[in-house]
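Okay, so here's the structure we're looking at.
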Amino acid sequence: MLDPQLLRNDIEATAKALATRGYHLDVEAWNELEKNRKHFQVLQEKLQNQRTVVSKSIGQAKAKGEDAQPFFDQVKEIGQELDEAKKQFEAIQKEVAKITLYTPNLAQSDVPVGKDEEDNVEVRKWGTPTEFSFKPKDHVDLGIKNSWLDSESAAKLSGSRFTVLGGSIAKLQRVLAQFMLNTHTEKNGYHEHYVPFLVNDVAMTGSGQLPKFADDAFITTDDKYLIPTAEVPLTNLYAGTILKDSDLPIKMTAHTPCFRKEAGSYGKDTRGMIRQHQFEKVEMVQIVHPNESNQALEDMTACAEGILKALEIPFRTIVLCTGDMGFGAAKTYDIEVWLPGENQYREISSCSNCEDFQARRMQTRFREEGVKKPQLCHTLNGSGLAVGRCLIAVMENYQNEHGSIRIPKILQPYFGGLEVLS
RNA sequence: GGAGAGGUGGCAGAGCGGCUGAAUGCACUGGUCUUGAAAACCAGCAAGGGUUAAUAGCUCUUCGAGGGUUCAAAUCCCUCCCUCUCCGCCA
């Protein structure tokens, strides 16, 4: 949610900034709405005040044993007017909420302006695409050859966009998640959490998934949502709380499954386990002082990159342009890992600084020494990493000519020193 | 699933129709005292919104959520959510 003051006081500039994100804000309609809002809010408050004053007079008159009837007549009249004003105001508020809850965050000034992923800008590259003396297979061929991936069984159980993993590759996925979690908790200073995978609509609204993206999430029969990312439970852990500035930064991590409908991506990435309804992810979330969020984004991105460096898999990092950023983000880095089977880089992590966008929705605040009012925190989230896609990256980058895969050195201890999976 | 208790400010905890945005304690902030600190004492201290040039003044809302009764609701009624205790069942 944007600062309402921005919409009231600087509507032209705000609309212009939103336009770079492909969001059209109807300035004229907003101004009209705002005019009405002010009128009816002031009217309603005025009437409410009158009613309170007269009501108190009734109490006093009764206490003194005087006749309170004139006050009763007065208050009745006020009450009627008030009901009408209230009705009008509530209708307007609904309209206002429709706009504020559906409006995306503003991009930071250094974010490249652009339309779609074509306009994203590479900021750095690590390693060079893995070279092979043979034609590398993709993870699907590798998976089928070794009976590691079973999409037919998954289809039988659940439908499309699910995968059953078998044998050592199931273990490799588990080990990858374990390794990521260990790294973030032991080396990067993140606090581990185990969180619910079902959350309510308040949490989903707080982190920005609702109301706009309701179609992307799975909902249960008792109105709970399957989390699309651990960002939702982790970020909402501090919803409605006022922290001390000494509590900041709060750095959290969790390993969870993620569930996404992938509505609107029909026919996209249908092969293999790139885009699934259910996938594993290790997530990082930070709640920080507003002055620290930019640095925190750099740090968080480096932590995500650190996983790929440790695994010795080539990647590049790009900054998303205004048109490609997510709803709540003010700035986003995507990390793209090299996939030999596809002969291209594919997203494996997305790290975003949401500034106060989520904090305003959730009312996550902190009190600073010497400052009277609580201030909104800044929140960040980043994948560290998408485990399923990381599994693909390991398979494809570490494959041997006849379909076996080498285990990355750093993971070998988890396999009792084993070096190759076949 | 059955029985009971309860949800009030950063925390603990009173209030149970009008003088209560809310006693008291803790925490916090400022001051007195002290070489300094602690203790003691004094004072202050909820959040959000509107109006406004204003962090001034005025004002509205908020005591789990939503309805209702009333001139007036933290306080009475209804529905829902959540927490705790006991019993049952069960990873």
Side-chain angles (χ1 to χ4, degrees), chain A residues 1-11 30-31 33-97 99-101 194-206 210 219-225 233 236-248 250 287 290 356 358-377:
Chain A
M1 200 160 78
L2 295 179
D3 185 348
Q5 297 302 337
L6 270 179
L7 291 168
R8 294 213 187 114
N9 305 332
D10 205 4
I11 182 75
W30 172 267
N31 283 339
L33 193 61
E34 170 58 15
K35 201 178 93 192
N36 286 329
R37 190 227 97 227
K38 189 187 266 194
H39 173 256
F40 282 104
Q41 182 160 7
V42 170
L43 178 65
Q44 185 200 306
E45 288 181 4
K46 197 182 92 193
L47 291 167
Q48 224 140 16
N49 176 243
Q50 287 175 4
R51 193 188 62 178
T52 311
V53 170
V54 178
S55 281
K56 282 194 174 155
S57 306
I58 292 174
Q60 282 164 1
K62 281 194 163 180
K64 288 185 211 154
E66 293 168 0
D67 176 24
Q69 191 54 45
F71 294 125
F72 277 103
D73 297 341
Q74 216 177 326
V75 92
K76 195 178 169 193
E77 205 173 306
I78 295 168
Q80 279 166 355
E81 276 181 73
L82 180 59
D83 281 347
E84 182 55 30
K86 228 182 201 164
K87 230 160 74 190
Q88 300 269 17
F89 180 58
E90 272 164 17
I92 291 164
Q93 283 292 78
K94 241 181 221 169
E95 290 297 308
V96 169
I99 293 172
T100 52
L101 281 173
Y194 172 80
V195 294
F197 304 156
L198 291 172
V199 297
N200 58 29
D201 58 336
V202 177
M204 288 286 277
T205 305
L210 291 181
I219 184 164
T220 67
T221 49
D222 62 347
D223 296 328
K224 300 253 192 301
Y225 293 82
N236 276 285
L237 234 30
Y238 290 92
T241 53
I242 301 175
L243 298 152
K244 286 186 233 152
D245 57 352
S246 58
D247 294 333
L248 304 176
I250 291 169
I287 296 174
D356 62 13
Q358 293 179 320
R360 183 171 292 106
R361 288 174 164 236
M362 295 186 300
Q363 286 302 301
T364 305
R365 291 167 295 171
F366 73 100
R367 214 183 283 276
E368 191 162 22
E369 214 166 309
V371 181
K372 228 178 163 187
K373 280 194 155 199
Q375 310 170 60
L376 291 167
C377 297

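Convention: sequence-line order gives letters A, B, ...; per-chain numbering from 1.
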Mind listing the N/O atom pairs, protein and nucleotides 18-20 of chain B, below 3.5 Å?
| residue | atom | partner | partner atom | Å |
| --- | --- | --- | --- | --- |
| B:G18 | N2 | A:S55 | O | 2.9 |

Please state how far atom [atom1] in [X] lies from atom [atom2] in [N], giving the value in whole angstrom units.
{"X": "A:D247", "N": "B:C11", "atom1": "CG", "atom2": "P", "result": "13 Å"}
{"X": "A:D245", "N": "B:U29", "atom1": "CG", "atom2": "P", "result": "11 Å"}
{"X": "A:F40", "N": "B:G49", "atom1": "CZ", "atom2": "P", "result": "23 Å"}
{"X": "A:R367", "N": "B:G9", "atom1": "CZ", "atom2": "P", "result": "13 Å"}
{"X": "A:L198", "N": "B:C82", "atom1": "CG", "atom2": "P", "result": "13 Å"}
{"X": "A:D222", "N": "B:C80", "atom1": "CG", "atom2": "C1'", "result": "14 Å"}
{"X": "A:H39", "N": "B:U51", "atom1": "NE2", "atom2": "C1'", "result": "14 Å"}
{"X": "A:Q375", "N": "B:G48", "atom1": "CD", "atom2": "P", "result": "11 Å"}

Check: A:Y238 main-chain N/O paired with A:T364 side-chain donor or acceptor under 3.5 Å: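 Indeed, once roles are kept as given, a pair shorter than 3.5 Å links the two residues.
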Readout for nucleotides 54-69 of chain B: B = base within 4.0 Å of protein heavy atom, S = sugar-phosphate only, - = neither; 5' to 3' it is -----SSS--------
Closest approach of [X] and [Y], non-hydrogen atoms and distance?
{"X": "A:A68", "Y": "A:A61", "value": "CB-CB, 4.2 Å"}
{"X": "A:R360", "Y": "A:L2", "value": "NH1-C, 3.3 Å"}
{"X": "A:A203", "Y": "A:N236", "value": "O-ND2, 2.8 Å"}
{"X": "A:L248", "Y": "A:I287", "value": "CD2-O, 3.6 Å"}

Taking the same atom, [atom1], in [N] and in [M], what whole-Å distance lies between them?
{"N": "B:U59", "M": "B:G4", "atom1": "P", "result": "47 Å"}
{"N": "B:A65", "M": "B:C81", "atom1": "P", "result": "15 Å"}
{"N": "B:A74", "M": "B:U20", "atom1": "P", "result": "13 Å"}

Which listed nucleotide (B:A46, B:C71, B:G49) is nearest to the side chain of A:F72?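 The answer is B:C71.
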The side chain of A:V75 is closest to which nucleotide in this list: B:C71, B:G49, B:A46?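 Of all the options, the side chain of A:V75 is nearest to B:C71.
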Would you mind listing every side chain to side chain donor-acceptor pair (under 3.5 Å) that reaches into residues 49-60 of chain A, with sequence neighbours excluded?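 Passing the test, one end in residues 49-60 of chain A: no pairs.
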Select from A:K244 and A:K76 the residue whose nearest nucleotide in RNA chain B is closer to the 5' end of that strand.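 Nearer the 5' end of the strand: A:K244.
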Can you tell me the Watson-Crick or wobble partner of [N], both distances under 3.5 angstrom?
{"N": "B:G18", "value": "B:C71"}
{"N": "B:G88", "value": "none"}
{"N": "B:G30", "value": "B:C42"}
{"N": "B:A5", "value": "B:U83"}
{"N": "B:U24", "value": "B:A12"}
{"N": "B:C58", "value": "B:G50"}

Got a sec, which residues hit side-chain hydrogen bond (donor to acceptor under 3.5 Å, both in side chains) with A:D67, two or more places apart in sequence or on another chain?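 Residues passing side-chain hydrogen bond (donor to acceptor under 3.5 Å, both in side chains) with A:D67: none at all.
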Sole candidate of A:K46, A:E45, A:Q44 that passes side-chain hydrogen bond (donor to acceptor under 3.5 Å, both in side chains) when paired with A:Q48: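 For A:Q48, the side-chain hydrogen bond (donor to acceptor under 3.5 Å, both in side chains) check succeeds only for A:Q44.
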Side chains of residues 4-11 of chain A: which donor-acceptor pairs under 3.5 Å do they make with residues two or more places apart or in other chains?
| residue | atom | partner | partner atom | Å |
| --- | --- | --- | --- | --- |
| A:Q5 | OE1 | A:N9 | ND2 | 3.2 |
| A:R8 | NE | A:E34 | OE1 | 3.3 |
| A:R8 | NE | A:E34 | OE2 | 3.4 |
| A:N9 | ND2 | A:Q5 | O | 3.4 |

Distance-only donor-acceptor pairs under 3.5 Å for side chains of residues 74-89 of chain A, two or more places apart:
| residue | atom | partner | partner atom | Å |
| --- | --- | --- | --- | --- |
| A:E84 | OE2 | A:Q88 | NE2 | 3.4 |

